[in-house]
Amino acid sequence: MVETMRFSEFGLTTLKEVPSDAEIISHKLMLRAGLIRRLASGLFTWMPLGLRVLRKVEAVVREEMNRAGALELLMPAVQPAELWQESGRWDQYGPLLLRMSDRHSRDYCFGPTHEEVITDIARRELRSYKQLPINYYQIQTKFRDEIRPRFGVMRSREFIMKDAYSFDIDKQGMEASYQRMHSAYTAIFERLGLKFRVVDADSGEIGGSRSQEFHVLADSGEDAIAYSDADNYASNIETATTTPVAAGYPDAKEELQQVATPGVKTIEALCEFLKTDASRVLKTLIVDGTDGPVALLLRGDHELNAVKAQKMPGVVSPLTMASPEVIAKATGCGPGFVGPIGLGMPLFFDHATVGMSDFVCGANKKDMHYTGANFGRDLAIPTTVDLRNVVAGDPTPDGNGTLSIARGIEVGHIFQLGTKYSEAMSATVQDPEGKNQVMSMGCYGIGISRIVGAAIEQNHDEAGIIWPAPLAPFDVVLVPINLHRSEAVRTAADALYRELRERGLDVLLDDRDARPGVKFADAELIGIPHRLVISERGLAAGELEYRHRRESESRNLKREDALKLLE
RNA sequence: CGGCGUGUAGCGCAGCCUGGUAGCGCAUUUGCUUUGGGAGCAAAGGGUCGGGAGUUCGAAUCUCUCCACGCCGACCA
């Protein structure tokens, strides 16, 4: 049966008004253009038009993965708890993991990722180093019970992901496999026509050593990335570092003084109250530690970086701010008035506190702060560590460039896992000497459904979506004017429709008995790259009116020239 | 998980304060007119007013409770 590409039979309903819960542009446009419909929080149906786009993304990903030598398979979405207990993640993963049990009260989860399953496959299938390297991948529905699903398919709970897992005999092999995926990912995002950037990243829950993220650049992105074109440095803000600008400490000019600051608990309020700047305030954050609370000290205008902080010795991970009760017990005052002077707990000072003098900090007494505090006099000069988020203008780690900050949507993430899972689950092969070796793994994800949203964030205008050609649900839309009244238009439209399809193009024929304005508006909303208008007027002149979705003016072309343009 | 907010026709909303048996726009259906940028006129269909309980002669409206959804926060001294 021939696939229907006639608008009247396509079951597409577009919306003039947007459901009020849509926040970002891609979510709004996906609903208006009829790509998706929401079922429940974080759950979406892909409607026929949206599914076509999703399939196009999959096709590109699949082609490039195959080209890179990866093997496609399909694992179950539902996974037994035993495997997760074996890797230790059943207890570690937390509420993001959707757990369930069957009629025999056996525990399962809906897979948020598949390291355990693939490692189980690998330890059963792979016996010899001769079978390596090998890279398995799948395109699968995943479920993560997100704290707060939002932005449509960008942060949904159920989503489609391409995940790949490489197995090598040793670290060198793993690094080569990783590099191959790095290249494949670069090829994928280039082919999809998206502006993206590769950045260093934290490996988080998954674990392992090296990891990099692929970000589609968009202001609505949930991640901040720090980069410098001067020396090619790029990192997620979670892991971005800078060079400590190690100045000495200026001599103290002020005396240490206690001042009453009743009810002044925030840096902002403190600056207002004391008429000073946040950069002249030392802020003290108390977090839970393995042996009681720990203090983290930052310049007042800097933000704590949780990923860095939870790596400090004695700090619990994930990072948890100490409760007011704990703070009161440890400091004798409530939150808002804590300072490092005379504070009896481990102190970690951020690099950027070096060089602070005559600063303001809490006095460890309710409603009191110190002014004129100085290192070397009021408290010892500390060794400093990296605790904060970098900010625009900071030098790059090697000091050759300056950091800029951009926002991105994480669409790909590649990891060098090493032996974390293979060791826990005894995934070994025999090496040439006949000894069992634990395999080295890599894992590589691409958010298929998220890419659709990300592409729209990057490609739209007031009228609607502007698909990059490789993602477009249709290549061409035919808009016949007065189709239902003009025999000539109908004949020409049908002929053109057949001819273009024979040439292998995805053609949408807008055969609705609607006014031209309605058809134009819908064609623009759903973002088809090429538009051909067929009218009696044009036919008389042997011409078709052509307009590319990115162009603002249409032009009349001879039929043959128009066809050539679409090749 | 905490704070705030919202649930009334497929979608967007009004009505709720001050209780009296539900309305507007878009969409849908029919007819006529119109036909190159989201047409006009006329008519029609479509609602357990999120669920339950209560107050009342009477509840979309007041009270309680549950549910769903959204926004903000969970980075702060």
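The shown structure was predicted, so the numbers you read here are calculated from the model rather than taken from an experiment. Numbers restart at 1 for each chain; the letters A, B, ... are given by sequence-line order, proteins then strands.
Figure legend. B/G36 is base-paired to no nucleotide; pairs are counted as Watson-Crick or G-U wobble with both atom distances under 3.5 Å. In this structure, B/U48 forms no base pair with any nucleotide, since neither Watson-Crick nor G-U wobble geometry is met with both distances under 3.5 Å. With both pairing distances under 3.5 Å, B/G7 is matched to B/C67 as a Watson-Crick or G-U wobble pair. In this entry B/G54 has B/C62 as its Watson-Crick or G-U wobble partner, both defining distances falling under 3.5 Å. Pairing for B/G31 is with B/C41, a Watson-Crick or G-U wobble pair whose two hydrogen-bonding atom distances lie under 3.5 Å. Here B/A14 sits opposite no nucleotide as a Watson-Crick or G-U wobble pair (both hydrogen-bonding atom distances under 3.5 Å).
Checking B/A77, B/G36, B/G38 against the side-chain heavy atoms of A/Ala521 singles out B/G38 as nearest. Closest to the side chain of A/Lys283, out of B/G37, B/C76, B/C71, is B/C76. Of the candidate nucleotides B/G38, B/A77, B/C1, B/A77 has the atom lying nearest to any side-chain atom of A/Ile267. With distances taken from any side-chain atom of A/Leu525 to the nucleotides B/G36, B/C75, B/G38, the minimum falls on B/G38.
Judged by the 6.0 Å distance and 45° axis criteria, A/Arg450 is not positioned over the aromatic ring of A/Phe159.
Checked against A/Leu12 for a side-chain contact (heavy atoms from CB on, under 4.5 Å), the options A/Leu508, A/Ile526, A/Leu35, A/Asp522 give a single hit: A/Ile526.
The residue A/Glu524 sits close to a base: some heavy atom pair falls under 4.0 Å. Residue contacts shown for A/Thr284 include a base, since a base heavy atom lies under 4.0 Å away. Looking at heavy-atom distances under 4.0 Å, A/Ile286 makes contact with a base. Using a 4.0 Å heavy-atom criterion, one finds that A/Arg531 contacts the bases of the nucleic acid, with or without backbone contacts as well. Across all strands shown, A/Ser535 has heavy atoms under 4.0 Å from base atoms, whether or not it also approaches the sugar-phosphate.
The residue among A/Ile327 and A/Asp513 whose nearest nucleotide of RNA chain B is located toward the 5' end is A/Asp513. Looking at which nucleotide of RNA chain B each of A/Thr14 and A/Ala322 is closest to, the 5′-most match is held by A/Thr14.
For the pair A/Asp494 and A/Arg6, the salt-bridge criterion is met [side-chain N within less than 4.0 Å of a carboxylate O]. The residues A/Arg559 and A/Glu499 are annotated as salt-bridged, a charged nitrogen and a carboxylate oxygen being separated by less than 4.0 angstrom. Between A/Arg52 and A/Asp506 there is a salt bridge, since at least one side-chain N of the basic residue sits less than 4.0 Å from a carboxylate O of the acidic one.
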Between the protein and nucleotides 6-13 of chain B, are there any N/O to N/O pairs under 3.5 Å, and if so, what are the atom names and distances?
from, atom 1, to, atom 2, distance (Å)
B/G12, OP1, A/Ser20, N, 3.0
B/C13, OP2, A/Ser20, OG, 3.3

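The distance from atom CG of A/Leu43 to atom P of B/A68 is 13 Å, rounded to the nearest whole Å. Remark: C1' of B/U35 and CD of A/Glu536 are 12 Å apart, rounded to the nearest angstrom. Rounding to whole angstrom units, CG of residue A/Leu347 and P of B/A77 are separated by 18 Å.
Listed here is the closest heavy atom pair of A/Leu500 and A/Leu563: CD2-CD2, 3.5 Å.
With hydrogens and angles ignored, a donor-acceptor pair under 3.5 angstrom links the side chain of A/Arg32 to the base of B/G38.
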- Query: How does protein reach along nucleotides 39-51 of chain B, written 5' to 3' as B (base within reach of a heavy atom under 4.0 Å), S (only sugar-phosphate), or - (no contact)?
  - Reply: B------------

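Remark: A/Ile481, A/Asn482, A/Arg485 in residues 476-487 of chain A come within less than 4.0 Å of RNA chain B through at least one heavy atom. Near-neighbour residues of RNA chain B inside residues 376-394 of chain A, defined by a heavy atom below 4.0 Å, number-ordered: A/Asn389. Contacts between residues 291-316 of chain A and RNA chain B, defined by a heavy-atom separation below 4.0 Å, involve A/Glu303, A/Leu304, listed by number.
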Do any side-chain atoms of residues 531-544 of chain A form donor-acceptor pairs under 3.5 angstrom with protein atoms, and if so which ones, sequence neighbours left out?
from, atom 1, to, atom 2, distance (Å)
A/Arg531, NH1, A/Glu524, OE2, 3.3
A/Ser535, OG, A/Gly538, N, 3.0
A/Glu536, OE2, A/Ser486, OG, 2.8

- Message: Before you tell me yes or no, could you show the steps for A/Leu297 and A/Asp350 under side chain to side chain contact (heavy atoms under 4.5 Å, CB included), namely the whole-Å CA-CA distance, both residues' side-chain angles and the distance that decides it to 0.1 Å?
- Response: CA-CA 6 Å; A/Leu297 297 108; A/Asp350 180 68; over 6 Å; no

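Ring centroid separation for the pair A/Tyr370 and A/Phe337 does not come in under the 6.0 Å cut-off.
Under the 30°/60° scheme for interplanar angles, the aromatic rings of A/Phe375 and A/Phe359 are found to be tilted.
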